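As the structure is a prediction and not an experimental result, all values here were calculated from the model. Lettering follows sequence order; numbering is per chain, from 1.
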Number of protein chains: 2
Amino acid sequence: MWNTGPVTTPPPGLRERKKRATREALREAALRLAVERGPDHVRVDDIAEAAGVSPRTYNNYFASREQAIVSAVTADREARVAEAVAARGARTPLARAVTEAVVEQYTDTGGREREVLRLVTARGALREAFLDSSDAIAPPLTAVIAARPGVDGTATARVLAASVAAAVRIALEEWLRAPAGEGRAGGLVVPSGSLPDRLREALEPLAPALDAAERGGGRA
Amino acid sequence: MWNTGPVTTPPPGLRERKKRATREALREAALRLAVERGPDHVRVDDIAEAAGVSPRTYNNYFASREQAIVSAVTADREARVAEAVAARGARTPLARAVTEAVVEQYTDTGGREREVLRLVTARGALREAFLDSSDAIAPPLTAVIAARPGVDGTATARVLAASVAAAVRIALEEWLRAPAGEGRAGGLVVPSGSLPDRLREALEPLAPALDAAERGGGRA
DNA sequence: CAGAAAATTTGCGGGCACGCAAGCTTTCGT
DNA sequence: ACGAAAGCTTGCGTGCCCGCAAATTTTCTG
C-alpha cells in the first residue's frame, strides 16, 4: 500500500494505458506524416495505418482529421494553463495570474515547434482547428476560477473562463495576421514576433471583470 | 435620381434578390420538413428539392445540414442585437446597453417559436448548431463597440464582443439544462422559465470590463 | 444591342464522420 | 480461478461536405 496521495489515480490500469498509447501513437503519426507530405496529402487511412489501428478507430479518438495534428502540436497546453493559474495561488490577483499563466504557457515553444508552426499556421483547415483548440482552455480554467475565494457562482467562473479562451483565440488570430510585420524575428516566415504582446493586449480588457469577480461578484 | 439616402443599398439588383430568395426558400423548406418529419428524417436532398435547387447548391448557402434550420429559427437575431445596442446611443453605459439589447432580442419569441423550440432544443446536432449560432453576434457587435467613444483599439472591441457572445452561449446552455426546473411556465416541456434571468446572470460578470473599456481602456 | 466579363448553378468524384452490430479483450464479482 | 459484465475495436453502410470544371445566367462595356 504505497501512498498514492489523496485523490491520485489509484493504479492506472491496463485499459487506460492502452488508450493513452493509442492516442499518442495517432498523434505522433498524424504529425509526422503531415510534416513529411504536407497536410493536404495525408489521408485518415494513412494515419490509422501508421498508428496500427483501423481507420474506423481513428474517429473513436478524434472527431476530425485535423484534430490529431493540432492535438500533437498543442500537447495538452490547455490543461497546463489552468495548472499555471492554480500554481500562482490566491495571493496574486486573478487578472495577473491568468495573464501570466497564459503568456508563460504560450511562450514555451516546445522544441521543434518552430518547424511545425508553419504547418499549422498555413491557412487551411488546420489553421481553423488550431484556433478552435484554444476553446479547450475554458473547462479546466472554469474549475480553477470557481475555486478562488470570493467568486460566488459557477456561472460566473464559466463566463470568465470562456471569455479568456475567446481572448486567447483572438490573440492568436491577430498574431497570425501579420507574418512578417513589425518585429520580425530573424527573417523567418514564422510570425514569432509579438505573441506575448498580443496575448497581453487581448487579455487586458478582461482584467476589470476578472478582478471584480473576486471582490464579491457583481452585486453581492 | 430619387434620394436613396447616404449609404443605402443603391438598387438591390436582380442578382441579389435571387440569392436572398433562394436562401429564404432553403431556410423555410428546411424548417418545414424538420417540423413535419423530425430533424433526423430530413436529408439534404429533400431540402434542396423542396427549395427547387440542386443538392450541390444547398452547400453553397449553408455549410452544414443543420445550419439552414437554425438559420430559419434565429432569423438574423444576431444582427438585431447589434442594432439594439446602437439604438441605445452612447448615453446609457455600455454594460447596460448590451444587457438590455440581448435580453430584449432573445425575449421576443417570434410567433410560433414555442412550437419550434422543442425541435432545436432536443439534444442532438441541432442543439449544438443552435448554440454555435450565438457566436455570430460577435462580428456586428464588434463594430458597434468599436464605434463607442472612449474605446481605443479594435482589439478591445473584438475581445469584448467575443466575450459577450460566449456569455450568451453559456446562458443558453444553462437555460436548456433545466427543462422543468424552478419556474416552469405552464407545464410545457419547453424551458421558457428564466431565460432573461440567465442572460442577465451570464452578462453580469462582464459588466466591469464593458464599462471600464469606455473609461479609457485598461491603462490609457 | 452585341459581346465580353463576372458570378452562380450544377454534376461528378473523393474523402470524411459516424451509427450499428458483431467479435474480442480487460475488468470485476464470487 | 472462472464466468459474466463492461468496454474497445473493427467492418460495413449511409449521408454529408466540398473542390473542380463545364454550363448557364446576370452584369458591364462600347
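One finds the CD atom of A/E78 at 8.0 Å from the OG atom of A/S71 (value rounded to the nearest 0.5 Å). Rounding to the nearest 0.5 angstrom, the gap separating the CD atom in A/E104 from the CG atom in A/L199 is 12.5 Å.
In the set D/dT10, C/dC16, D/dC16, the nucleotide with an atom closest to the side chain of B/D45 is D/dC16. Closest approach to the B/V44 side chain among C/dT9, C/dA17, D/dC17 is made by D/dC17 (side chain taken as heavy atoms from C-beta onward). For A/N60, the side-chain atoms get nearest to D/dT9 when compared with the rest of C/dT10, D/dT9, D/dC17. The side chain of A/K18 lies closest to C/dT25, out of D/dC20, D/dC17, C/dT25.
In this structure, CZ of A/R43 is placed 13 Å from C1' of D/dG19, rounded to the nearest angstrom. As a whole-Å value, the separation of B/R23 CZ from C/dT9 P is 11 Å. Atom pair A/R65:CZ and C/dC18:P shows a separation of 14 Å (rounding to whole Å applied). What separates CG of B/D40 from C1' of D/dT14 is a distance of 14 Å, to the nearest Å. The CD atom of A/E66 sits 15 Å away from the P atom of C/dG15 (whole-angstrom rounding). Put simply, OH on A/Y58 is 15 Å from P on D/dT9, counting in whole angstrom units. Distance, B/N59 CG to D/dC17 P: 5 Å, rounded to whole Å. At whole-Å resolution of the value, CZ in B/R17 and C1' in C/dT8 are 16 Å apart.
Scanning atom types as modelled, one donor and one acceptor separated by under 3.5 angstrom connect the side chain of B/R56 and the base of D/dG19.
When the nearest nucleotides of DNA chain D are assigned to A/P55 and B/V42 by heavy-atom distance, the more 5′-ward of the two goes with A/P55.
A/R169 has a carboxylate O that lies under 4.0 Å from a charged side-chain N of A/E128, or vice versa, which qualifies the two as a salt bridge.
Distances shown here put a side-chain N or O of A/Y61 below 4.0 Å from the OP1 or OP2 atom of D/dT9. At least one side-chain nitrogen or oxygen of A/T57 sits closer than 4.0 Å to the OP1 or OP2 atom of D/dT10.
The backbone N or O of A/V144 lies less than 3.5 Å from no partner atom in the side chain of A/R148, so there is not a single donor-acceptor pair. Side chain of A/S133 to backbone of A/F130: a donor-acceptor contact under 3.5 angstrom is found. A donor-acceptor pair is defined here as one N or O able to donate and one able to accept, closer than 3.5 Å; no such pair exists between the side chain of A/Y106 and the backbone of A/V81.
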Using the 3.5 Å cut-off, write out each protein N or O paired with an N or O of nucleotides 27-30 of chain C and the distance between them.
unit_1	atom_1	unit_2	atom_2	d
C/dT27	OP1	A/L14	N	3.0
C/dT27	OP1	A/R15	N	2.9

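Annotation: cation-pi geometry satisfied between A/R23 and A/F62 (NZ/CZ under 6.0 angstrom from ring centroid, within 45° of ring axis).
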